[in-house]
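As the structure lists them, so they are numbered: ligands from 1, and atoms in each ligand from 1. Since the structure is predicted, the reported quantities are computational estimates derived from the model, not experimental observations. All residue numbers refer to positions in the sequence shown, counting from 1.
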Amino acid sequence: MTSKRVYIETYGCQMNVADSEIVGGILNERGFVITPTPDDADVLLVNTCAIRDNAEVRIYGRLGLFSTYKKSHPGVVVGVLGCMAERIRKDLLEEDVVDLVVGPDEYRTLPALIGRAMGGEKGIAVRLSRVENYGDIVPLRTDGVCAWISVMRGCDKFCSFCVVPFTRGRERSRTLESVVEEVTNLSVRGFREVTLLGQNVNSYHDGRNDFAELMRAVARVDRSMRVRFTTSHPQDMSDRLIEAIASEENLCPSIHLPVQSGSDRILALMERTYTVDHYRRLVEKVRQAIPGAGLSTDIISGFPSETEAEHRMTVDLVRELRFDGAYTFKYSPREKTKAWELPDDVPEEEKGRRVWEVTELQHTISLELNAALVGSTARILVEGPSRKSKHDFTGRTAGNKTVVFPRRDEQPGDELDVRIERATSATLLGVRAADPIRPASPSIKESAA
Ligand code: SAH
Ligand code: SF4
Ligand code: F3S
C-alpha cells in the first residue's frame with residue numbers, strides 16, 4: 001500500500017503551530033507522509049483556533065472550500081483539529097464535509113481515526129487530559145533557524161473573556177529533562193533559536209523545577225543558541241525569571257506581557273488578578289533589571305461595560321509605558337466564559353473606533369522607538385529571504401525587532417551586525433556592517449560532542 005498523504009493547515013497561536021508539528025510526528029511515525037500542498041493529499045487537516053469569533057468564521061470559510069474540493073476528489077478525508085474542534089465538538093460533525101473532529105489532547109488517536117474515516121466512518125475524540133503533554137513525541141520539523149517547543153499545555157487562569165481553559169484544559173508541564181533533550185537535538189540539527197511555548201508559560205512547573213530553572217537549563221544547552229518564551233501572564237512573572245533573563249546571555253531580553261486594559265475596574269471584571277499599578281511596577285522592574293528589554297503587550301477594546309473614560313485609561317497607559325509593540329483586539333464574547341454572561345454592550349462600531357485609536361497610538365510609538373535606532377548597529381540572527389524581495393534578507397535582534405537588509409552572501413543562521421538606516425513602525429532597514437559570524441556546521445558540532 002502506498003503511504004497516505006496528509007496536508008495540515010494551521011490557524012491560531014504558536015502553540016497550534018507546534019501542535020501541528022506534533023501531529024506530523026505522530027502521523028509520520030505511523031507511515032503517513034506530510035505534504036506541503038493540498039492538491040495531492042488523501043487527508044486534509046485544519047488545526048483551528050477559537051479565540052475570537054472571526055477566527056472561527058475564517059475556518060468555516062476554509063471548510064466551504066474543502067467541501068468543493070471533496071466533490072472533485074471523492075474519498076478525501078477532512079479533519080478538524082484544535083481549539084474549535086474542542087469547543088464545538090460533535091456539532092462540527094454535522095457539517096457534511098467534516099469526517100473527523102479531534103481536540104488538542106487526543107492527537108494520538110489520529111492514525112486510527114483516519115484509518116476508519118477512510119472506510120467511511122466519521123470519528124470524534126475530544127476528551128481533555130490532565131496529563132497528556134506529548135513529551136515523548138518527536139515533532140516533525142523542517143530544518144531551519146527557529147524552532148518552537150511546547151513546554152506546558154493548558155491554562156488554569158480562567159480570565160473571564162477567554163476560551164483557552166475550555167479548549168486546552170488544565171495546566172500541565174513536561175519534565176525539564178525532556179525539554180532539554182529536545183533542545184539538545186535541535187542544536188545538533190543546526191537550529192539557532194528556540195522559543196519555549198505555553199498559553200501561560202511562566203507558570204511552568206514540572207514538580208521539581210519552575211520556569212526560571214527551565215530557562216536556565218535550556219540556556220546552558222548551547223550558549224550560541226538564542227532562547228525566547230511566550231506567553232507570560234503578569235502574575236507569574238517572577239523575580240527569579242527576570243534575574244535569569246538578566247544574567248544568562250543567550251536568554252533574549254524580550255518579553256510579551258499582555259496587559260489587556262488600563263482600567264482597574266475592567267481588569268477586575270476580566271479577572272486578570274493584577275492592577276494597573278502592579279503591572280506598571282512590574283514593567284519598571286523588568287526595565288531596570290534588563291536594560292533595553294523589548295516589551296510587547298495585548299489589549300482588548302470594548303470589554304462589556306467599558307466606558308469612554310476607561311478606554312482613555314488604556315490609551316494613557318499605552319502612551320506611558322511605550323511598548324515596542326502591541327496586539328490589539330475587539331472584545332469577542334465566547335460561550336462558557338464568565339464574561340459571556342455580561343451584556344456585550346459596547347457597540348461594534350465603538351469597539352472598532354477604540355481599537356483603532358490604541359493601534360494608531362502604538363504605531364506612532366513603535367515608529368518613534370524604531371527611528372531612534374537609526375544610525376546604531378544591531379546584532380541580528382539571519383532567518384532568510386524577506387517577504388517583499390528575494391534580494392533582501394531578514395533577521396531579528398535579541399529584543400525581537402525585525403531587520404531587513406540587502407543580501408550579499410549571508411546564510412540563514414548567521415549572526416550579523418547591521419547598521420540601521422531607516423525605520424518603519426514594524427521594521428528596521430539596514431546594511432551589513434561587518435562580515436557575518438557563521439555557526440560551526442551541525443556535523444562538525446556533532447563530531448566534536
Ligand atoms: N495566554 C495568553 C493569551 C492568549 S490569547 C495570555 O494570557 O497572555 C491572546 C490574546 O487574545 C489575549 O492576550 C487577549 O488579548 C486576546 N483575547 C483572548 N480572548 C479574547 C476575546 N474573547 N476577545 C478578544 N480578544 C481576546
Ligand atoms: Fe486565556 Fe488568561 Fe489563560 Fe491567557 S492566562 S490563556 S488570557 S485564561
Ligand atoms: Fe487559538 Fe487555541 Fe491558540 S484558541 S490562540 S489556537 S490556544
- Note on the structure: Any heavy atom of Pro165 under 4.0 Å from ligand 2? The part involved is side chain

- Ser160 side chain to Lys338 backbone, donor-acceptor under 3.5 Å: no

- Logged contact type for Val164 with ligand 2, heavy-atom cut-off 4.0 Å, is side chain

- Which of parallel (below 30°), tilted (30 to 60°) and perpendicular (above 60°) describes Tyr274 and His233? perpendicular

- Sorted by chain and number, protein N/O/S atoms nearer to atom 1 (Fe) of ligand 3 than 2.8 Å are Cys49 SG

- Task: Decide whether the shortest distance between a heavy atom of Arg272 and an atom of ligand 2 is less than 4.0 Å.
- Result: yes

- Item | Per-atom contacts, ligand 2 versus Cys155 - under 4.0 Å to a heavy atom | 3 (Fe), 5 (S), 6 (S), 8 (S)

- Positive for side-chain contact (heavy atoms from CB on, under 4.5 Å) with Leu214, one of Asn202, Asp206, Leu196, Leu241: Leu196

- Query: Going by atom types only, do Ser386 and Thr394 share a side-chain donor-acceptor pair under 3.5 Å?
  - Reply: no

- Closest non-hydrogen protein atom to atom 7 (S) of ligand 3, residue and atom name please, with distance? Gln199 NE2, 3.0 Å

- Message: Pair Glu350, Arg354 - check salt bridge (charged side-chain N to carboxylate O under 4.0 Å, His left out), show working.
- Response: CA-CA 6 Å; Glu350 182 58 20; Arg354 290 182 190 177; 2.9 Å; yes

- Sorted by chain and number, the residues that approach ligand 1 to under 4.0 Å with a heavy atom: Ile51, Arg52, Phe161, Gln199, Thr231, Pro258, Gln260, Arg272, Asp298, Ile300, Phe329, Lys330, Tyr331, Ser332, Arg334

- Message: Show, in sequence, the C-alpha distance, side-chain angles and deciding distance for Glu132 and Arg172, and conclude whether the salt bridge (charged side-chain N to carboxylate O under 4.0 Å, His left out) test is met.
- Response: CA-CA 8 Å; Glu132 179 63 271; Arg172 67 218 98 117; over 6 Å; no

- Item | Side-chain donor-acceptor pair present, Thr364, Glu368, cut-off under 3.5 Å | no

- Tell me, which protein residue and heavy-atom name are nearest atom 4 (Fe) of ligand 2, and how many Å apart are they? Gln199 O, 4.1 Å

- Task: Assess the pair Phe166 and Phe158: is the distance between their ring centroids shorter than 6.0 Å?
- Result: yes

- Message: List ligand 2 atoms under 4.0 Å from Phe158, heavy atoms only on the residue side.
- Response: 8 (S)

- Residues Gln235, His278; criterion side chain to side chain donor-acceptor pair (under 3.5 Å); working and verdict: CA-CA 9 Å; Gln235 190 195 306; His278 169 224; over 6 Å; no

- If you count the atoms of ligand 2 from 1 in the order shown, which ones are under 4.0 Å from a heavy atom of His233? 5 (S)

- Where does Cys159 meet ligand 2, judged by heavy-atom distances below 4.0 Å: at the side chain, the backbone, both, or neither? both

- Message: Can you name the atoms of ligand 2, numbered from 1 with element, that are less than 4.0 Å from a heavy atom of Cys162?
- Response: 1 (Fe), 6 (S), 7 (S), 8 (S)

- Task: May I ask you to check whether Asp105 and Ser129 show a side-chain donor-acceptor distance below 3.5 Å?
- Result: no

- Item | Spacing of OG belonging to Ser67 relative to CD belonging to Glu95, to within rounding of 0.5 Å | 9.0 Å

- Note on the structure: Any heavy atom of Phe161 under 4.0 Å from ligand 2? The part involved is side chain

- Message: Less than 3.5 Å apart, any donor N or O on the side chain of Thr397 or Arg379 sitting next to an acceptor on the other?
- Response: no

- Task: Might you point out which heavy atoms bring Pro104 and Thr167 nearest each other, and give the distance in Å?
- Result: CG-O, 3.3 Å

- Task: Using distance alone, with no hydrogens and no angle criterion, decide if Asn133 and Arg153 have a side-chain donor and acceptor under 3.5 Å apart.
- Result: no

- Message: Could you check whether Phe229 and His256 have their ring centres less than 6.0 Å apart?
- Response: no

